[in-house]
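Single-structure report; data block below.
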Amino acid sequence: TTWNATDLKDFPVQIEATEKGMTSLLRFKDVRFSKPEATLFDAPSGYREYKSMAEAMQAMMGMGGAGPK
């Protein structure tokens, strides 16, 4: 089920879905149609890219000595 705001070009401000007895609700607030600042998409300081999920898990667990830089 969706709730669309007619004053926001029918943007769906709320979406409810039920699957296998579980209900999920997604609600949008403070909806804006302006272009976001490019800096919002910059990687955060301290970001590190890992070659695999296993490498990331090792870093999270403090193993392998290769934590985030």
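The shown structure was predicted, so the numbers you read here are calculated from the model rather than taken from an experiment.
F33 and L8 get closest at one heavy-atom pair: CZ-O, 3.5 Å. Nearest heavy-atom pair across V13 and A5 is CG1-CB, 3.8 Å. When all heavy atoms of F28 and P12 are compared, the closest pair comes out as CD1-O, 3.2 Å.
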Working for side chain to side chain contact (heavy atoms under 4.5 Å, CB included), residues W3 and R27: CA-CA 9 Å; W3 288 260; R27 184 176 296 149; over 6 Å; no
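A distance of 10.5 Å separates CD of E37 from CG of D42, quoted to the nearest 0.5 Å.
Following chains of ILVMFWY side-chain contacts shorter than 4.5 Å, one cannot reach M22 starting from L25, and the two form parts of different hydrophobic clusters.
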